[in-house]
Amino acid sequence: MWLVLSTYLATVLLPSFQPVRAHEHGRPPHWSFCCLALSVALPGKVSFPSSPAYTASTSSYWSLQESTIQPSCILTPLSALEVATAVKTLSILSHVSGCPFAIRGGGHTPWAGSANIDGGITIDMRQINAITVNSQKTTASIGAGAIWGEVYRRMDKMGLAVVGGRGASIGVGGLTTGGGISYFSARKGFACDNVLNFEVVLADGRILALQGGSNNFGLVTRFDVTAFPQSLFWGGSILYDDSASPQLLKGFTELNKDQNFDEFAALIQSHAYVPGRGFVATANMEYTKQEANSAAFETFVQAQPQFANTMRISNLTDFTVEFVSMQPNGLRQMYITITFKNDFAFLTYVYDTFKKTVSTQLSATSSLAMSLTFQPLPPAITSKSGLKGGNVMGLNPSDGAQVLFIRSTGKAVHDEMVREAKARGVWNRWIYLNYADGWQGPIGSYGEANLRFLQEVSRKYDPKGVFQKQVPGGLKLFK
Ligand SMILES: Cc1cc2nc3c(=O)[nH]c(=O)nc-3n(C[C@H](O)[C@H](O)[C@H](O)COP(=O)(O)OP(=O)(O)OC[C@H]3O[C@@H](n4cnc5c(N)ncnc54)[C@H](O)[C@@H]3O)c2cc1C
Ligand SMILES: *[C@@H]1O[C@H](CO)[C@@H](O)[C@H](O)[C@H]1NC(C)=O
């Protein structure tokens, strides 16, 4: 089922649609015309700079960069209907005042301008966060502005789970439209593969268009997703001394094998430089059964020396709260991602290069932390979407097990990694949207056919390119 709340844009926008960029005219007045019109159309839902509601919204982004962006006003809609009214108002006014806007979910994208907009209007979706479960307990309907922690608290009480983020404070909206890797992904696929219906304002596109299409087709207001029974399970983190790293790298490639990947296993492995402490390694592990120390994680449980170990049997809420407690808001952050074959030699090369870079680039007094993170991307994950109607991300299970690699250092290191991965024949073109920096162009990485399909859907259902031009933030379909 496909709900279209408003098809207004297709007929109303003038052909000479020309968004006005705030910065082309210096800083716009706070009471911009667009904001004024919005506060007339939706009284009480628009907040302005230095009001408590405005400050609460801007200060709640994960990264410092997103927090320091100053929209002219922030709209906080309470329903899909109010979202439709807002988009209608903004699109009508676009030919007069531009009225560029941003869509904000959980606010966890690190780079500036992905879910916030200088001088424009930020639509903060977080009040649209209702969570209901059908009587058969097979489907959860989740307001797109909810965060995963709220969702899991409800699910845990009912002995259920859904495929979603691994951090309690991550938004449902951004994570799901961008893909979404979960503790359950090897069993169930990406979060977007488990969406049964999208309720969306102002996109007429096929449902498929949103599964990996981020904010390019409309404003999603509700996701209906598959719910399934889930018991307590084993999870947590182990913090190791850096000397354990070679064992962990070996363990990673063993766990992340093409065949026989244990579908109950999930792993996020990091190697980091922490100022004042030096190099450390961490493994965040889950085994989504009520079973401790399964064979899949033997290497990780055995590896020494360990500084801290929180592995235990608990619930989904508890693990996702623990995960983000180590990643607080308010710091400058950067993610860059690449994907490559599950290759021990290359993994080791990446780790060695990381250590070399840190040693040469950071002074002893630097307060900069750097880390690299590896996540398994086995066919167990990538093959699931095909069973459920497919997504547009263009991952090919026959490529075998891949490693998703995220790091928080500069582009130069990224370029070097890509060059080396290509030279070794382990490079994979796929760029995971949810970990991509603003310049990375993940949608282009979905492959020519998928990109063309998405662009066609956009031209057909959003002919004036509202979600391309009037919503300039995020990762776009057209370069
Ligand atoms: C600490 C941390 C942990 C993470 N863990 C995971 C993980 O376990 N698995 C994983 O896959 N990723 C993970 N990520 C990455 C995460 O999926 C992305 O950062 C994602 O974009 C966050 O969604 P959000 O709603 O919080 O972000 P936002 O920054 O608010 O939104 C992200 C993008 O989605 C768009 N968007 C948001 N809501 C809507 C909507 N309703 N309709 C249309 N477009 C919308 C925004 O315009 C923006 O471009 C993590 C990130 C962090 C920082
Ligand atoms: C989940 O686990 C935490 C920690 O043990 C506990 O405090 C909480 O009540 C549990 N929640 C549910 C819904 O079971």
Side-chain angles (χ1 to χ4, degrees), residues 57 60-63 66 77 80 83 101-117 122-126 128-129 142-148 152-160 163-185 190-192 198-203 210 213-223 232 266 268 284 286 312-329 331 333-335 337 373 375 381 404 406 408 432-436 438 467 471-476:
S57 180
S60 62
Y61 286 94
W62 185 60
S63 78
E66 273 283 65
V83 173
F101 63 100
I103 306 163
R104 184 245 158 107
H108 266 66
T109 309
W111 56 279
S114 52
N116 201 359
I117 186 164
T122 295
I123 302 183
D124 181 338
M125 294 291 288
R126 288 177 304 159
I128 300 182
N129 60 359
I142 306 171
I147 56 170
W148 291 107
Y152 297 151
R153 244 181 293 280
R154 289 291 297 279
M155 298 300 132
D156 274 335
K157 282 193 192 123
M158 303 178 78
L160 299 174
V163 179
R166 293 165 292 190
S169 51
I170 314 303
V172 173
L175 181 127
T176 309
T177 54
I181 301 176
S182 156
Y183 297 147
F184 306 108
S185 284
F190 286 88
C192 69
F198 293 90
E199 180 187 73
V200 62
V201 171
L202 272 177
L210 289 158
S214 196
N215 67 9
N216 283 288
F217 299 96
L219 250 146
V220 182
T221 50
R222 197 187 79 221
F223 301 91
L232 299 180
I268 300 176
N284 175 270
E286 288 76 27
R312 66 200 179 282
I313 301 276
S314 190
N315 60 42
L316 185 51
T317 311
D318 192 32
F319 291 128
T320 56
V321 168
E322 179 194 11
F323 186 67
V324 286
S325 70
M326 294 177 276
Q327 314 197 50
N329 282 21
L331 302 173
Q333 302 277 4
M334 178 169 68
Y335 280 178
T337 180
T373 296
Q375 298 186 22
I381 296 179
L404 193 60
I406 306 126
S408 52
Y432 182 33
L433 187 143
N434 277 340
Y435 292 133
F467 286 93
V471 181
L475 295 153
K476 296 287 140 180

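Both counts, for ligands and for their atoms, begin at 1 and track the order of listing. One is the number of the first residue; the rest follow in order along the sequence.
Per-residue contacts place A144 under 4.0 angstrom from the following atoms of ligand 1 (heavy atoms of the residue considered): 41 (N). Against a heavy-atom cut-off of under 4.0 Å, K157 is close to the following atoms of ligand 2: 13 (C). Shown in contact with G474 at under 4.0 Å from a heavy atom are these atoms of ligand 1, numbered in order with element: 49 (O). For ligand 1, the atoms lying closer than 4.0 Å to a non-hydrogen atom of W62 are 53 (C). Residue contact check: D156 has heavy atoms under 4.0 Å from atoms 13 (C) of ligand 2. Per-residue contacts place T109 under 4.0 angstrom from the following atoms of ligand 1 (heavy atoms of the residue considered): 19 (O), 21 (O), 27 (O), 28 (P), 29 (O), 31 (O), 32 (C). The N315 neighbourhood of ligand 2 comprises atoms 1 (C), 2 (O), 3 (C), 8 (C), 10 (C), 11 (N), 12 (C), 14 (O), with distances under 4.0 Å to a heavy atom of that residue. Every atom of ligand 1 with a heavy atom of Y432 under 4.0 Å away is listed here by number and element: 10 (C), 11 (O). Within ligand 1, counting atoms from 1 as listed, the ones closer than 4.0 Å to a heavy atom of G171 are 23 (O), 24 (P), 25 (O), 26 (O).
A donor-acceptor pair under 3.5 Å links the side-chain atoms of W148 to the main chain of G171, judged by distance alone. Panel note: side chain S182, backbone F184; a donor-acceptor pair is recorded below 3.5 Å. In terms of modelled atom types and a separation under 3.5 Å, the side chain of N315 and the main chain of D156 share no donor-acceptor contact. Using modelled atom types, one side-chain atom of E66 and one backbone atom of A115 make a donor-acceptor pair closer than 3.5 Å. Remark: the backbone N or O of T317 is paired with a side-chain donor or acceptor of T320 at under 3.5 angstrom. Listed for the T177 side chain is no donor-acceptor partner under 3.5 Å among the backbone atoms of N215.
Within the 4.0 Å heavy-atom cutoff, F190 does not count among the residues contacting ligand 1. The closest approach between G180 and ligand 1 falls below 4.0 Å for a heavy atom of the residue. Taking 4.0 Å as the cut-off, G473 does not count as a neighbour of ligand 1 on heavy-atom distance. Under the 4.0 angstrom criterion for non-hydrogen atoms, Y335 is in contact with ligand 1. Within the 4.0 Å heavy-atom cutoff, G218 counts among the residues contacting ligand 1.
With a 4.0 Å heavy-atom cut-off, ligand 1 is reached by the side chain of Q327 but not by its N, CA, C or O.
For ligand 1, the polar-atom distance check finds an N/O of G106 within less than 3.5 Å of one of the ligand's N/O atoms. For ligand 1, one of its N or O atoms has an N or O atom of L175 under 3.5 Å away. Taking only nitrogen or oxygen atoms, main chain and side chain alike, R104 does not reach within less than 3.5 Å of ligand 1.
At a cut-off of 3.5 Å, with distance as the only test, a side-chain donor of S60 or R104 sits close to an acceptor on the other residue. When only modelled atom types and interatomic distance are considered, Y432 and Q375 share no side-chain donor-acceptor pair under 3.5 Å.
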>> For a side-chain contact (heavy atoms from CB on, under 4.5 Å) check, start with the C-alpha distance between S314 and F319, then their side-chain angles and the critical distance, and finish with the verdict.
In response: CA-CA 7 Å; S314 190; F319 291 128; 3.7 Å; yes
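In this structure, atom 5 (O) of ligand 2 lies nearest to the protein heavy atom S314 OG, 4.1 Å. In this structure, the protein non-hydrogen atom closest to atom 28 (P) of ligand 1 is G107 N, 3.4 Å. Distance from atom 15 (C) of ligand 1 to its nearest protein heavy atom, with residue and atom name: N434 O, 3.4 Å.
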